[in-house]
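Bear in mind that the values here come from a model prediction, so they are computed numbers and not experimental data.
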Amino acid sequence: MPRPALPWILACLLLTVGLLAVGLRVGSYETDYDLIRRALLHYDPRDPAQLVLMELRLPRLLLALLAGLGWPSVATSCRPW
């Protein structure tokens, strides 16, 4: 009998969300999770920390996530044989 995949999927999803949160927090200067929450929910472009978070860190992180998600399909489609 096959094992249910739902616990593994939820664990991977939780790990991904946690790593995304850490990726937003760590940078040239560390930000706290309250700043991340404020930037995502109540963005103020006059705040330099929120501007860096939303204009630099978030797009870079989403691009890295999309590149990582696309890697298995690229790796299997580029076989030389």
Tell me every residue that passes salt bridge (Lys or Arg N to Asp or Glu O under 4.0 Å) with Asp44, counting only those two or more places apart in sequence or in another chain.
Arg46

Set of salt bridge (Lys or Arg N to Asp or Glu O under 4.0 Å) partners for Asp34, sequence neighbours left out:
Arg37, Arg38

Please table the atom pairs, donor to acceptor, closer than 3.5 Å between any side-chain atom in residues 54-64 and protein atoms at least two apart or in another chain.
unit_1 : atom_1 : unit_2 : atom_2 : d
Arg57  : NH1    : Leu24  : O      : 2.8
Arg57  : NH1    : Arg25  : O      : 3.3
Arg57  : NH2    : Tyr29  : O      : 2.6

Linked, directly or transitively: Leu53 and Tyr33 (ILVMFWY side chains, under 4.5 Å)
yes

Write down the atom of Leu35, the atom of Ala49, and the distance for their closest heavy-atom approach.
CD2-CB, 3.6 Å

Under 4.5 Å between side-chain heavy atoms, chaining through other members, with only Ile, Leu, Val, Met, Phe, Trp and Tyr counted: pull out the rest of the cluster around Val17, sorted by chain and number.
none

Is Ile9 isolated, or which residues cluster with it under the ILVMFWY side-chain rule of less than 4.5 Å, directly or via members?
none

Between Thr31 and Val52, is there a side-chain heavy-atom distance shorter than 4.5 Å?
no

Restricting to side chain to side chain contact (heavy atoms under 4.5 Å, CB included), what partner residues turn up for Leu19, sequence neighbours left out?
Leu15

